[in-house]
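Inspection log for the structure reproduced underneath, given as structure tokens.
The basis for the numbers below is simple: all heavy atoms, side chains too, and nothing from hydrogens, waters or symmetry mates. Bear in mind the structure is a predicted one, so any value in this text is a computation, not a measurement. Letters A, B, ... mirror the listed sequences (proteins, then strands); counts begin at 1.
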Protein chains: 2
Amino acid sequence: MGLKVRKSRAPPIPGACPLTECLALLSGAWTPNLIWYLSGGPRRFGELRIDMPRISAKVLSARLRELEAKGVIERQLIASSPPSAEYALTEMGGQLLPALDAIARVGQKLKGVCSRPRRAVRSSESSSRN
Amino acid sequence: MGLKVRKSRAPPIPGACPLTECLALLSGAWTPNLIWYLSGGPRRFGELRIDMPRISAKVLSARLRELEAKGVIERQLIASSPPSAEYALTEMGGQLLPALDAIARVGQKLKGVCSRPRRAVRSSESSSRN
DNA sequence: CTGTATCCTGTAGGATACTG
DNA sequence: CAGTATCCTACAGGATACAG
């Protein structure tokens, strides 16, 4: 789809405009959405798969690794049974949100209405998961 | 390059988050930069090729057509010899700038410094081009 | 100069199957 | 549940050549 703000094979301009590098952080068709869904708080692998039904496990995994390597998100493995993993934006990742908000805002103005992800609290939030 | 916020084959989420549709406007590896360079005012085909040395004529042409079809930019053919064409952001296209600025701002904060495109006025600006 | 037409390649991402 | 490994395809984009 759209986001094709992805890691393009052909790097546009050497070191020209400031868009390039920042956009590189968002490369990958799913990356912006991924960050978007993490903006509401930590999220587990499986939950992200539900948030983005059409993403394949392979790609989700790859994007998460990339973003982790770039310092945009953090992974926390929870040793439990079944094992789970939580992903959350780092402080740096949070700095990307204003930009995504701006994009979303334009999207709203240009067409529809929508709000930041405020999904229900995880079902087992206050109960037990360990 | 980065944004690969491009036209992905696999549309992320059906109609979920507001990012998707707006990002679709920016699809294509060069699109964000293209809009960026047009933000400083009307620009000719050849000038854009200079702004983005590594883009191929084919792709530049394709992106321009797409953006024109989407109502983001306007094309003005100037019947002169040699013939020239000017591309400029439409009002709608201008609405995308805040978002791009936000992205650029984050890029700056995260790494370097850069400013909006303020290239020199076209050489023949005040001279003759009929 | 402003494009368009071909051809070709790299690679992002889906599907599926399997592991810890 | 949380991933990894393979395989495969679709398509974005570069190079080149040509056209108005």
[X] has an atom [atom1]; how far is it from atom [atom2] of [N], in whole Å?
{"X": "B/Glu47", "N": "C/dG3", "atom1": "CD", "atom2": "P", "answer": "12 Å"}
{"X": "B/Arg63", "N": "C/dT2", "atom1": "CZ", "atom2": "P", "answer": "19 Å"}
{"X": "B/Trp30", "N": "D/dA12", "atom1": "CH2", "atom2": "C1'", "answer": "12 Å"}
{"X": "A/Leu60", "N": "C/dA15", "atom1": "CG", "atom2": "P", "answer": "14 Å"}
{"X": "B/Leu48", "N": "C/dG3", "atom1": "CG", "atom2": "C1'", "answer": "13 Å"}
{"X": "A/Met52", "N": "C/dG13", "atom1": "CE", "atom2": "P", "answer": "12 Å"}
{"X": "B/Ile50", "N": "C/dC1", "atom1": "CD1", "atom2": "P", "answer": "8 Å"}
{"X": "A/Glu86", "N": "D/dC1", "atom1": "CD", "atom2": "C1'", "answer": "13 Å"}

**Q.** Candidates D/dG14, D/dG3, C/dG3 - which lies nearest the side chain of A/Ala85
**A.** D/dG3

Q) Of the candidate nucleotides D/dG3, D/dC1, C/dG3, which contains the atom at the shortest distance from the side chain of A/Arg75? A) D/dG3

Q) Do A/Lys58 and D/dG3 share a donor-acceptor pair, side chain to base, under 3.5 Å? A) no

Can you check whether [X] has a side-chain N or O nearer than 4.0 Å to OP1 or OP2 of [N]?
{"X": "A/Arg54", "N": "C/dG14", "result": "no"}
{"X": "B/Arg65", "N": "C/dT4", "result": "yes"}
{"X": "A/Arg44", "N": "D/dA2", "result": "yes"}
{"X": "A/Ser61", "N": "D/dT4", "result": "yes"}

Q. Across the strands shown, which category fits B/Arg49 at heavy-atom distances under 4.0 angstrom: base, sugar-phosphate, nothing?
A. nothing

